[in-house]
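Everything on this sheet refers to the single structure shown next.
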Amino acid sequence: MRASRLHLVTYREDPADAEVVSHRLMARAGLIFKMGSGMYAYSPLLWRAIRKATNIVRRELDASGCLELQLPILQDKSLWEETGRWEKYKAAGVMLSTTDRKGTTFGLAPTAEEVVTAFMRATTKSYKQLPVTVYQVHTKFRDEIRPRFGLLRVKEFLMMDAYSFDVDDAALDITYEELRKAYHRVFRGMGMEAFGVEADSGDFGGSGSMEFMIPASTGEDTILYEEASGYAANVEKATSQFAAPEGADEAPRDLHVEDTPNVRTCEELNGFFPDVPVHRMVKTLLYKAVHHDHEELWACLIRGDQQANEIKLRNHTGGLALEMLTDEEIRQHTGAKQGFAGPINMPEAFNIVADVTVEGMTNLLCGVNETDKHALDVNIGRDFPVPTFADFRTAREGEPGPSGEPLKLEKGIEAGHIFKLGTEYTAAMGATFMGQTGKPQPMVMGCYGIGVSRCVAAAVEQHSDDNGIVWPVPLAPFEAVVAVLKPKKAEMLAHGEAIYASLQAKGIEVMLDDRPLSPGAKFRDLELMGFPYVIVVGRDIDEGVVEFKVRATNETDKIAIDDAVSTVVERVTAERTGLLER
RNA sequence: CGGGGCGUAGCGCAGUCUGGUAGCGCACUUGACUGGGGGUCAAGUGGUCGUAGGUUCAAAUCCUAUCGCCCCGACCA
């Protein structure tokens, strides 16, 4: 393609709302055009990159025996009601919906388990047809609370979603493992190192799931990992070991209630009682769990030096959503101001649970649901009933992980997620097949997603410098550019066109930059757009010399014009497969 | 959902407090000179000032409503 015909537009200034590097650079390079909050037009240049990312996904999934199909974006509400997820997604605020002229309500696909299960239900009769894994690359919609960071968090995006159907759990395990490997090939094939981490299964349910994270300082997810053991988990799911409660063998002392006016935090309480360290206090966090037809009150006890993990707690409550009580609700339910809730005199309406760090604590300090008062030397079982103990705490960097190594922290962009769903959806929707035994049984399902448009943004997030984007070759909109510095000079242009034609003949995706820009403007522009290799046809052309520029290093070599094509071909073909072993 | 802020040319912004001819930079068009790191000069194009209503002789500016966008918070007991 000729640059003069590519509708290239670049900007010298950053957009006012760009916070992260990929957003900034993609906007400046004219790759994305904002149409509204969380909605972007993709430029022709960006679409080339997205198409390449899509094709890498296709290549690896096809190699794993997956079948591409296409499912509707408009999905009937009643289909989602079969699995109970309409309520769930509405409660979570994720589902965008619309209605047709008859008043029928449709969801705009945030994902497609229901639709694909309905498809398989209608088309699968026998175990002989299984296993089947289908996938599509299609637009998805999510009503994000707060779209931001350019293409990294948007309301409308391009996603690959795959769904596997197996005869039993053992068969699912094999399929899941196959897809896990394919996922690593996909990310490596894009030129990125993604690592798999244990993840919360979120709204999908199911027995196992793994997220694929692309390390980036601006990532919205936090990963905790152990260096040697290979343990890595999303902070939403991560566990760590903790020190046993201090004074476990102390004799219980008599409970006494003291005045603690206007305290709000454990640190402030510590000011009143310097002898009681924060880790001998118990915080009482008050929540409501929202279910589809009712709300429940929950109180979670946790040691003063620990932080609650609301995802773990929500999973325990089984609610669709978990919300902290407002100050007003706290007053209404406990009669006390915010800051004084406690397991003592707790209204019966509350379900009380406690984090495992609370188990075994003695002579602790906690609230008594009375404004401006706290109790000291409280003992579990004696002063309040023994609650259910479980892991409700947030693991933190530096704490010993499951294998005992100190946990390290890394920020990442969630690029993919794989789940073992089991029969949750197929059973609910009656998607059964005739087994070998002659009895109908539900298909065992897995689901798998890759944020294709997000991956492309993540690639920019990971590969850039002060001058702009540095595309990895597998995603680059063009693998190479032939830049003619003075396109008005017919002879120079002819040399450029000859190199361009040869590269094309060799199968290189090449752009001829024939735009009449000043050399400085042209160099900056090409660097901003981030093409991996540039052959500069300039002042030395009369001596038969051109320049070979490497975007990643910004190094320039003068080479003979006759070597230009072979140099580019060699470099590009070496990098086309990303990080895959050849 | 709570708090704060912003809507003025394609982009980035000033002008609003104190009502009186709508501006600047970039980009874009034409011409000339340039030609290896966003070059120079000259002449131009482009805006119902988010929308609707109100006050006023007069509204980008004041008032009301509304729509949109951005940021922070929503891990506090």
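Labels below follow one simple rule: chain letters A, B, ... track the order of the sequence lines, proteins then strands, and each chain is numbered from 1.
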Please evaluate residues A/L151 and A/L46 with respect to the criterion side chain to side chain contact (heavy atoms under 4.5 Å, CB included), reporting the C-alpha separation (whole Å), side-chain torsions for both, the decisive distance (0.1 Å), and the verdict.
CA-CA 11 Å; A/L151 288 194; A/L46 179 63; 4.0 Å; yes

Of B/A77, B/G38, B/C75, the nucleotide closest to the side chain of A/R28 is B/G38

(message) Between B/A22 and B/A14, how many Å separate the two C1' atoms, rounded to a whole number?
(response) 11 Å

message = Just so I know, are the side chains of A/K522 and A/D513 near enough to count as touching, which here means a heavy-atom distance under 4.5 Å?
response = yes

- Message: Under 4.0 Å, heavy atoms only, any strand: does A/G367 hit a base, just the sugar-phosphate, or nothing?
- Response: nothing

A/S37 has its side chain closest, among B/A77, B/U34, B/C70, to B/C70

Note: contacts of residues 514-526 of chain A with RNA chain B (heavy atom, under 4.0 Å) are A/L517, A/P519, A/G520, A/A521, A/F523, A/R524, A/D525

With the side chain defined as heavy atoms from C-beta on, A/R12 is closest, among B/A77, B/G36, B/C26, to B/C26

For B/G44, the nucleotide meeting Watson-Crick or G-U wobble distances (both under 3.5 Å) is B/C28

Closest non-hydrogen contact found for A/A308 with A/L285 is CB-CD1, 3.9 Å

Exercise. List the steps, then state whether ring pair (Phe, Tyr, Trp, His ring centres under 6.0 Å) holds for A/F350 with A/W298.
Key: CA-CA 5 Å; A/F350 283 92; A/W298 286 80; 9.9 Å; no

Answer with base, sugar-phosphate or nothing: what part of the nucleic acid does A/E19 contact at a heavy-atom distance below 4.0 Å? sugar-phosphate

- prompt: Contact class for A/K489 (heavy atom, under 4.0 Å): base, sugar-phosphate, or nothing?
  reply: nothing

note: A/E267, atom CD; B/C75, atom C1'; distance rounded to Å ~ 13 Å

Check ion pair A/E198-A/K237 (N to O, under 4.0 angstrom): no

When both distances are under 3.5 Å in a Watson-Crick or G-U wobble arrangement, the nucleotide paired with B/C6 is B/G68

Rounded to whole Å, the NZ-P distance (A/K549 to B/G37) equals 10 Å

- Classify the side chain of A/K34 and the base of B/G68 as holding, or not holding, a donor-acceptor pair under 3.5 Å. no

| request: Return yes if some donor-acceptor pair links the side-chain N/O of A/D355 with the main-chain N/O of A/F392 below 3.5 Å, else return no. | output: yes

Can you tabulate the close N/O pairs, meaning under 3.5 Å, that link protein atoms to atoms of nucleotides 8-12 of chain B?
| from | atom 1 | to | atom 2 | distance (Å) |
| --- | --- | --- | --- | --- |
| B/G12 | OP1 | A/A16 | N | 3.4 |
| B/G12 | O2' | A/E13 | OE2 | 3.4 |

- [ ] Assign A/I330 to base, sugar-phosphate, or nothing according to its heavy-atom contacts below 4.0 angstrom with the strands shown.
- [x] base

Practice item. Please check if the distance between the ring centroids of A/F33 and A/Y40 is under 6.0 Å. Key: no

**Report entry** Enclosure of A/E491 CD (heavy-atom neighbours >12, cutoff 6.0 Å)
**Finding:** no

Of B/A77, B/G37, B/C75, the nucleotide closest to the side chain of A/E527 is B/G37

- request: Flag the pair A/Y500 / A/D514 as yes when at least one side-chain heavy-atom distance between them is below 4.5 Å, and no otherwise.
  value: no

